[in-house]
Amino acid sequence: QVQPVESGGGLVQAGGSLRLSCATSGRTSSSHYTIGWFRQAPGKDREFVAAIRWSSRTTAYADSVRGRLTISRDNAKNTVYLQMNSLEPEDSAVYYCAEGTGIILSSIRDHARYTNWGQGTQVTVSS
């Protein structure tokens with residue numbers, strides 16, 4: 001199957017901004033099609049960052065990023081964005097885009113529900 005492709009990572013100073021993009025596989029008509037962003041720092045478990053339900057644009061965020069990161073989607077481009085503002089060194093990680101179908105909202109933060117993962121893009125925030 002076609003994997004999602006992330007882009008937009010890089011090195012930024014604390015307080016700066018980045019916008020990540022995820023070019024999806026385009027299965028937007030699938031039931032409860034959901035795109036999630038997860039991140040993994042060295043020596044840590046993969047953690048949920050944000051997610052968006054394609055049809056309703058319902059969003060969810062981790063408490064640690066709420067108010068600083070915004071997830072959105074462009075239907076015409078089959079692309080999901082993660083706008084990251086006020087970045088902190090603790091946000092440094094590899095950021096992964098993942099797709100899933102049939103995901104109910106109560107499970108939207110569960111990485112095991114997502115079946116199609118991108119290769120990731122590195123975000124490094126310097127202090």
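Values below: every heavy atom of this structure, side chains too, minus hydrogens, waters and symmetry copies.
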Nearest heavy-atom pair of [X] and [Y]: which atoms, and what distance?
{"X": "Ile35", "Y": "Cys97", "value": "CG2-SG, 3.7 Å"}
{"X": "Arg39", "Y": "Ala93", "value": "CB-CB, 3.8 Å"}
{"X": "Leu87", "Y": "Met84", "value": "CD2-CB, 3.8 Å"}

Side-chain donor/acceptor of [X] to backbone N/O of [Y], under 3.5 Å:
{"X": "Thr58", "Y": "Arg53", "value": "no"}
{"X": "Thr121", "Y": "Gly9", "value": "yes"}
{"X": "Arg109", "Y": "Leu105", "value": "no"}
{"X": "Asp110", "Y": "Ser107", "value": "no"}
{"X": "Ser106", "Y": "Ile104", "value": "no"}
{"X": "Tyr61", "Y": "Ile71", "value": "yes"}
{"X": "Glu6", "Y": "Cys22", "value": "no"}
{"X": "Arg68", "Y": "Ser86", "value": "yes"}
{"X": "Thr79", "Y": "Lys77", "value": "yes"}

Please determine whether side chain to side chain contact (heavy atoms under 4.5 Å, CB included) holds for the pair Gln119 and Gln3, giving the CA-CA distance in whole Å, both sets of side-chain angles, and the decisive distance to 0.1 Å. CA-CA 8 Å; Gln119 295 298 309; Gln3 285 182 297; 3.3 Å; yes

More than 12 heavy atoms of other residues, nucleotides or ligands under 6.0 Å from [atom1] of [X]: is that the case?
{"X": "His111", "atom1": "NE2", "value": "no"}
{"X": "Arg57", "atom1": "CZ", "value": "no"}
{"X": "Glu88", "atom1": "CD", "value": "yes"}
{"X": "Gln1", "atom1": "CD", "value": "yes"}
{"X": "Arg113", "atom1": "CZ", "value": "no"}
{"X": "Asn75", "atom1": "CG", "value": "yes"}

For side-chain hydrogen bond (donor to acceptor under 3.5 Å, both in side chains), just list the numbers for Ser17 and Asn85, CA-CA rounded to whole Å, side-chain angles, deciding distance to a tenth of an Å, and then say yes or no. CA-CA 4 Å; Ser17 299; Asn85 299 328; 2.9 Å; yes

Hey, are Tyr33 and Glu99 close enough side-chain-wise for a donor-acceptor pair under 3.5 Å? yes

Would you tell me whether Thr24 and Asn78 have side-chain atoms, one donor and one acceptor, within less than 3.5 Å of each other? no

Taking the side chain as C-beta and beyond, is there a heavy-atom pair between Val49 and Leu69 under 4.5 Å? yes

Applying side chain to side chain contact (heavy atoms under 4.5 Å, CB included), run through Val123 and Leu20 and close with a yes or a no. CA-CA 9 Å; Val123 171; Leu20 305 184; 4.0 Å; yes

So, taking the atom named OG in Ser92 and the one named CD in Gln122, what distance separates them when rounded to the nearest 0.5 Å? 7.5 Å

Assess whether side chain to side chain contact (heavy atoms under 4.5 Å, CB included) is satisfied between Tyr114 and Ile103, documenting all intermediate values. CA-CA 8 Å; Tyr114 296 80; Ile103 299 177; 3.8 Å; yes

Looking at Trp54, is Arg27 sitting on its ring face, NZ or CZ under 6.0 Å from the six-membered ring centre and within 45 degrees of the normal? no

Distance under 6.0 Å and angle within 45° of the ring axis: does Arg19 meet both against Tyr81? yes

Parallel under 30°, tilted from 30 to 60°, perpendicular over 60°: which one fits the rings of Phe38 and Trp117? tilted

What about [X] and [Y], same hydrophobic cluster or not, with Ile/Leu/Val/Met/Phe/Trp/Tyr joined at side-chain heavy-atom distances under 4.5 Å?
{"X": "Val80", "Y": "Phe48", "answer": "no"}
{"X": "Val65", "Y": "Val94", "answer": "no"}
{"X": "Val5", "Y": "Leu82", "answer": "no"}

List the steps and the verdict of side chain to side chain contact (heavy atoms under 4.5 Å, CB included) for Tyr96 and Trp37. CA-CA 6 Å; Tyr96 297 91; Trp37 283 99; 5.9 Å; no

